[in-house]
Amino acid sequence: MTRTPEQSLLGKAADYRDRYDASLLFPIARAPKREELGLAPDTIPFFGADLWTAFELSWLTPRGKPQVAIAHVTVPCETPNIVESKSFKLYLGSFSNTPFASADEVRERIRADVSEAVWRGAPAASSVGVRLLTPELFDREPIHELDGLNLDRLDIECSQYTPAPELLTAAFDEQPVQEVLVSQLLKSNCLVTGQPDWGSVQIRYSGPQIDQAGLLRYLVSFRNHNEFHEQCVERIFMDIRRRCRPVKLSVYARYTRRGGLDINPFRTSHPGALPPNVRTARQ
């Protein structure tokens, strides 16, 4: 049976369990929101992944000494489910008073549990990627803003705060271009609680030149929109693809963390390497 966001613990009081409990993970099907975009499961026109960073991971050694780490989790976008973020936070919190033999055991436990949740209901399953950074590696974690031409430099008037794809236009009668455009003005709201989600977005494309002022107004139009991060990025990708008809397109958003987690969806029209999971200053 498909579980809905409203059935999750989002916006509800929850017991914080400190003993390992994989059942806390709450998968939500991707299909309903993709159907809103006119996408059938066998006609998804993009590749990519959701890049998670977990900053609040801790467990005990067999002798009871606490350990801490940062976890990078990569969930392929072809999985039938996402994991609701509060359930992920509660799941990671359940490690806190549980003994594990090593960081490797913790990593493999997370890999197995999250893989099962995001692939649940699929005829075939694969694995998510999990990388743990222990404290001796913390100082190697860089901070870097998304590369590209800053759309926010434009002095524009904004009046639409729900997604308005009609704002997107491109110069179809001119020579094609290759551009990387960025904005830090992306804001949407949680689908269930309405709490604000703040993000930066990078749009890399080749094809008819996209009108930059219209694109910035379009990104701002998400300001009062209620959707999960992954769904917003797929909506942005599909709106640009349909309205501006680029030859190649990728959309990458980095959202500020909530509950010790940040979620950074990446969608691209052509297969290739994922972007590095490097946090921005606001994250």
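For clarity, every value in this text was computed on a predicted model and none was experimentally measured.
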Checklist line | Pair listing, ring pair (Phe, Tyr, Trp, His ring centres under 6.0 Å) test, anchored in residues 115-144, at least two apart | finding: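 As it turns out, there is no ring pair (Phe, Tyr, Trp, His ring centres under 6.0 Å) pair with a partner in residues 115-144 once direct neighbours are skipped.
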Check: In the single-linkage hydrophobic clustering (I, L, V, M, F, W, Y; side-chain heavy atoms under 4.5 Å), do L261 and V128 co-cluster?
Finding: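 Yes, one cluster joins them.
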Notebook entry, point to check: If you measure only the distance, is there a donor-acceptor pair under 3.5 Å linking the side chains of H225 and Q231?
Noted result: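 There is no such pair between these side chains.
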Can you tell whether the side chains of [X] and [Y] come within less than 4.0 Å, N to carboxylate O?
X    : Y    : answer
E227 : R235 : yes
D197 : R257 : no
E56  : K89  : yes

Could you label the plane-to-plane angle of the [X] and [Y] rings as parallel, tilted or perpendicular, counting under 30° as parallel and over 60° as perpendicular?
X    : Y    : result
F95  : F100 : parallel
H229 : Y255 : parallel
F88  : Y91  : tilted

Margin query: Taking atom CD as the centre, does E136 end up with more than 12 heavy-atom neighbours from other residues, nucleotides or ligands that are less than 6.0 angstrom away?
Written below: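 Atom CD in E136 is crowded, with more than 12 foreign heavy atoms closer than 6.0 Å.
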Going by heavy atoms in the side chains, are [X] and [Y] under 4.5 Å from each other?
X    : Y    : answer
I110 : L57  : yes
F47  : H270 : no
V247 : P176 : no

Checklist line | Smallest separation among heavy atoms of A101 and E105, with atom names | finding: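 Looks like N-OE1, 2.7 Å.
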Next item on the list: State which residues pass salt bridge (charged side-chain N to carboxylate O under 4.0 Å, His left out) with R282; sequence neighbours excluded, sorted by chain then number.
Entry: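 In terms of salt bridge (charged side-chain N to carboxylate O under 4.0 Å, His left out), with neighbours along the sequence ignored, R282 is linked to no residue.
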Donor-acceptor check, side chain of [X] to backbone of [Y], threshold 3.5 angstrom: yes or no?
X    : Y    : answer
T256 : Q283 : no
R19  : N97  : yes
T134 : A69  : no
R30  : P41  : no

Item checked: CA sep, side-chain torsions, deciding dist, call: D50, R267, salt bridge (charged side-chain N to carboxylate O under 4.0 Å, His left out) -> CA-CA 9 Å; D50 305 322; R267 301 292 184 268; 2.8 Å; yes
